[in-house]
Amino acid sequence: MLKIYNTLTRSKEVFIPRVAGKVGLYVCGMTVYDYCHVGHARVMVVFDTVVRYLRYSNYDVTYVRNITDIDDKIIHRANENSEDFNALTERFIEAMHEDERALSVLPVDIEPRATTSIPDIISMIEKLITNGFAYLGTNGDVFYAVEKFKNYGQLSGKNLDDLQVGERVDVDLAKRNPMDFVLWKMAKINEPFWVSPWGNGRPGWHIECSAMSTCCLGNSFDIHGGGMDLQFPHHENEIAQSEAATGEKFVNLWMHNGFVRINEEKMSKSLGNFFTVREVLKQYRPEIIRFFILTSHYRSPLNYSEESLSDAEAGLTRFYTALRDVEIVDADIDLEFKTRFEQAMNDDFNTPVALAVLFDVARELNKTKSPVLAITLRSLASVLGLLQDDSETFLKGTNDGDAEIEAQIQARIDAKKAKNWLLADQIRDELKAKNIILEDSPDGSTRWRR
RNA sequence: GGCUGCGUAGCAAAUCGGUUAUGCAGUGGCCUGCAAAGCCAUCUAGAGCGGUUCGACUCCGCUCGCAGCCUCCA
């Protein structure tokens, strides 16, 4: 029985899909004006793992994750680069897909873009105006009137009266209420625009997600996810928009993942303290990043550090070492470990506990070399998107220079046969200086890893 | 000011009202020419103060500390 923590109720709930056996999942994706950083990688990996586990649990999942390909920052960056905004977003969408593939993130089912959803966005804004939830501001922008929506604040636990409006941001006098937010923004000179009943302009940020999610998944759907920082105002506003437009309950279950931190501080673009996925990939193999992300529960903070990454590498090495030399056969997996793994994942996708179960499998496997345990380890790990590589490939890395290493190892084997321990140890030390670790087998052969 | 969440051993990270989490590192042993890998054993816990309880790291309250949101943010 799968339980998931619902931000809306602040408790773990037994997951019951609207339609038996089917799950509609929408996750707020990236604004594509720069490379993805580790924080974005966390969203991708976490929800990829959620989807993998739901599918493993025999749910028919429709996974939608949008791309925000028009907004102020994109326009700004395109201007900085003297580049067409479409060219800019295309570049970063391609880069994002590359990062995802590297991290073994499976493609989403539907990847709607704001710029190709304009008619849906306009029609939702029209409904909001008709239903009395939106109005034309004095500057020509269309705004959502938050006080018209009686449950405003239900997700974030905020009360309109308690919010310190205007303390750090100037109040826009075009709005009736300072908390009102823009649905349609008039284009300034030289800005990209789309034609609408309210003039040439572009959609506000929040409305695109309401339009795209309901278009792809229906007025009501099962799970909506995203980073913690989107809880307010983004997701709060999505609820207000969608429910005011459709008159139906928008989403049953809200999932929010925790931040990646650096030195106990949120990793973010605005703070400038971020590492892009491709930067980290220069130093660590992609599976290490994925493993690192899954060593922490998705709602907990995840502190990024060199030490955490090398710990992750050590952990993966242990797994791949255990899998080495064991024949992978087609067999039923060990029921006890399978049950423990599922219990962990059923408890709000508790990947740290699931990994602990896999480490227990690895210990047994090391003791017994049982093919059943090997297939158990590999198939359960595949639910987490891990351990699908060949052991030798992982342990040796992809660098070249292997022939030279093999030659030195042969020289050492000869030295060992001659009981020339001094030379044998010298060769081993030389290789160790190049981060090559040797392991002698009882049969006289030697193998190595990086 | 309002609202969230968190505080576990050297590091990372979970579970759980009473029984070994787990990984890395350390220590002792087995194995090895010596190592490495592996196996076995083992040392470091639960911010502080109260309360509930036969018993609390686990539930409740308060204090302190940290992070986040209230502005774009995954």
What's the gap between [N] and [M] when it is taken at their [atom1] atoms, as a whole Å value?
N: G5(B); M: G18(B); atom1: C1'; result: 29 Å
N: G68(B); M: U63(B); atom1: P; result: 22 Å
N: U53(B); M: G17(B); atom1: C1'; result: 9 Å
N: C66(B); M: U27(B); atom1: P; result: 35 Å
N: G51(B); M: C57(B); atom1: P; result: 14 Å
N: C40(B); M: A25(B); atom1: P; result: 16 Å
N: U8(B); M: U58(B); atom1: P; result: 13 Å
N: U20(B); M: U42(B); atom1: P; result: 10 Å

*Return the minimal non-hydrogen interatomic distance between Arg10(A) and Leu155(A), and the atom names on each side.*
NH2-O, 2.9 Å
Using a 4.0 Å heavy-atom cut-off, does [X] contact any base of the nucleic acid, only the sugar-phosphate backbone, or nothing at all?
X: Val260(A); result: base
X: Asn366(A); result: sugar-phosphate
X: Thr7(A); result: nothing
X: Lys73(A); result: base
X: Leu438(A); result: base
X: Glu307(A); result: sugar-phosphate
X: Arg318(A); result: sugar-phosphate
X: Gly153(A); result: nothing
X: Arg412(A); result: base
X: Gly39(A); result: base
X: Met44(A); result: nothing

Atom [atom1] of [X] and atom [atom2] of [N]: how far apart are they, to the nearest Å?
X: His37(A); N: A74(B); atom1: NE2; atom2: P; value: 6 Å
X: Lys266(A); N: A67(B); atom1: NZ; atom2: P; value: 14 Å
X: Lys369(A); N: G38(B); atom1: NZ; atom2: P; value: 9 Å
X: Leu373(A); N: G38(B); atom1: CG; atom2: C1'; value: 15 Å
X: Leu271(A); N: G68(B); atom1: CG; atom2: C1'; value: 11 Å

Taking pairing as Watson-Crick or G-U wobble with both contacts under 3.5 Å, can you name the mate of [N], or confirm there isn't one?
N: U15(B); value: none
N: C39(B); value: G29(B)
N: C24(B); value: G10(B)
N: C66(B); value: G5(B)
N: G61(B); value: C49(B)

_Can you tell whether the side chains of Lys175(A) and Asp141(A) come within less than 4.0 Å, N to carboxylate O?_
no
*Salt bridge or not for Arg202(A) and Glu191(A), using N-O below 4.0 Å?*
yes
Any N/O pairs under 3.5 Å between the protein and nucleotides 13-16 of chain B? List them or say none.
from   : atom 1 : to        : atom 2 : distance (Å)
A14(B) : OP1    : His297(A) : N      : 2.6
A14(B) : OP1    : Ser300(A) : OG     : 3.1
A14(B) : O3'    : Asn350(A) : ND2    : 3.2

Is it the case that [X] places NZ or CZ above or below the six-membered ring of [Y], under 6.0 angstrom from the centre and within 45 degrees of the axis?
X: Arg176(A); Y: Tyr135(A); answer: yes
X: Arg285(A); Y: Phe394(A); answer: yes
X: Arg299(A); Y: Tyr5(A); answer: yes
X: Lys158(A); Y: Phe232(A); answer: yes

Taking N and O atoms by type only, does the side chain of [X] place a donor or acceptor under 3.5 Å from a partner on the base of [N]?
X: Lys158(A); N: C69(B); value: yes
X: Asp440(A); N: C34(B); value: yes
X: Arg428(A); N: C34(B); value: yes
X: Arg42(A); N: A74(B); value: no

*For Lys432(A) and A35(B), is the shortest distance between a side-chain N/O and OP1 or OP2 below 4.0 Å?*
no
*Distance check: side-chain N/O of Arg363(A) vs OP1/OP2 of C40(B), anything under 4.0 Å?*
yes
_Going by salt bridge (charged side-chain N to carboxylate O under 4.0 Å, His left out), Asp34(A) matches just one of Arg77(A), Arg91(A), Arg278(A). Which one?_
Arg77(A)
*Side-chain donor-acceptor pair present, Thr276(A), Glu279(A), cut-off under 3.5 Å*: yes
*asked:* Nearest 0.5 Å, please: how far is CZ in Phe221(A) from OG in Ser213(A)?
replied: 4.0 Å
